[in-house]
Amino acid sequence: QVQLVESGGGLVQAGGSLRLSCAASGRTFSSYRIGWFRQAPGKERLFVASIRWSGGTTLYGDSVKGRFTISRDNAKNTVYLQMNSLKPEDTAVYYCATYGPSGWSDWGQGTQVTVSS
């Protein structure tokens, strides 16, 4: 089992930046893909970005391409989401999760991001 803890959320004005962190503990997951998702009130959880822990291959949702960057620090077992040019529609709770044979799992508790206009 992997435990994930998100941090770095907060309130920011439109056009601003935030960096989220997803710290992992528990069993080694060097072969896994780690992803970020977000969920706005009353809406479904949506894919934001993911990165392969080994090799660093990245994927992004269409709505964040060119604005968000996912990265990882293997030594710290931490994945980051750098969010630039934030928009009010980016407001949501952001979650990280691992991807393995059974799909997405090991969800963190989430961190709130609020972008004011």
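Owing to the predicted nature of the structure, the values given are computational and were not obtained by experimental measurement. Atom set for the values below is all heavy atoms of this structure, side chains included, hydrogens, waters and symmetry mates excluded.
At least one side-chain heavy atom of Ile51 sits under 4.5 Å from a side-chain heavy atom of Val79. Side chains of Gln82 and Ser17 form a contact here, defined as non-hydrogen atoms less than 4.5 Å apart. Proximity of Val113 to Thr91: side-chain heavy atoms (C-beta onward) are nowhere separated by under 4.5 Å. Between Val48 and Tyr95, the closest side-chain pair of non-hydrogen atoms is not below 4.5 Å.
Here disulfide bond (SG atoms under 2.5 Å apart) pairs that include residues 88-117, with residues two or more places apart or in two chains, are Cys22-Cys96. Note on residues 71-85: no pairs pass salt bridge (Lys or Arg N to Asp or Glu O under 4.0 Å), not counting sequence neighbours. Residue pairs meeting the salt bridge (Lys or Arg N to Asp or Glu O under 4.0 Å) criterion with at least one member in residues 89-98, sequence neighbours excluded, are Arg38-Asp90, Arg67-Asp90. Residue pairs meeting the disulfide bond (SG atoms under 2.5 Å apart) criterion with at least one member in residues 49-95, sequence neighbours excluded, do not occur. Applying the disulfide bond (SG atoms under 2.5 Å apart) rule to pairs touching residues 47-76 yields nothing, sequence neighbours excluded.
Not counting sequence neighbours, Tyr80 has no partner by the ring pair (Phe, Tyr, Trp, His ring centres under 6.0 Å) test. Annotation: salt bridge (charged side-chain N to carboxylate O under 4.0 Å, His left out) contacts of Arg19 (sequence neighbours excluded): none. Residues passing the side-chain contact (heavy atoms from CB on, under 4.5 Å) test with Val12, sequence neighbours excluded: Leu18, Leu86, Val115. Shown here are the side-chain contact (heavy atoms from CB on, under 4.5 Å) partners of Ser105, two or more places apart in sequence or in another chain: Thr98. Judged as a side-chain contact (heavy atoms from CB on, under 4.5 Å), and not counting sequence neighbours, the contacts of Ala40 are Lys43, Ala92. The side-chain contact (heavy atoms from CB on, under 4.5 Å) check on Leu59 picks up Arg33, Phe47, Ser50, with sequence neighbours excluded. Every residue two or more places apart in sequence or in another chain that forms a salt bridge (charged side-chain N to carboxylate O under 4.0 Å, His left out) with Lys65 is listed here: Asp62.
Separating the OG1 atom in Thr78 from the CG atom in Leu4 is a distance of 10.0 Å, to the nearest 0.5 Å. Expressed to the nearest 0.5 Å, how far CD of Gln13 lies from OG of Ser117 amounts to 9.5 Å.
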Assess whether side-chain contact (heavy atoms from CB on, under 4.5 Å) is satisfied between Phe37 and Glu44, documenting all intermediate values. CA-CA 10 Å; Phe37 291 75; Glu44 63 182 353; over 6 Å; no

Run Trp104 and Tyr99 through ring-ring contact (aromatic ring centres under 6.0 Å, His included) and show every step you take. CA-CA 4 Å; Trp104 291 102; Tyr99 184 82; 5.1 Å; yes

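Glu6 places a side-chain N or O within donor-acceptor distance of the main-chain N or O of Gly110, the cut-off being under 3.5 Å.
Only one option out of Tyr60, Phe68, Tyr94 pairs with Trp36 in a side-chain contact (heavy atoms from CB on, under 4.5 Å); it is Tyr94.
Shown here for Thr111 and Leu20, the closest heavy-atom pair between the two residues is CG2-CD2, 4.0 Å.
Atom CD of Gln109 sits in a crowded spot, with more than 12 heavy atoms from other residues, nucleotides or ligands closer than 6.0 Å.
With Tyr32 as the aromatic partner, Arg52 does not meet the cation-pi criteria of under 6.0 angstrom to the ring centre and within 45 degrees of the ring axis.
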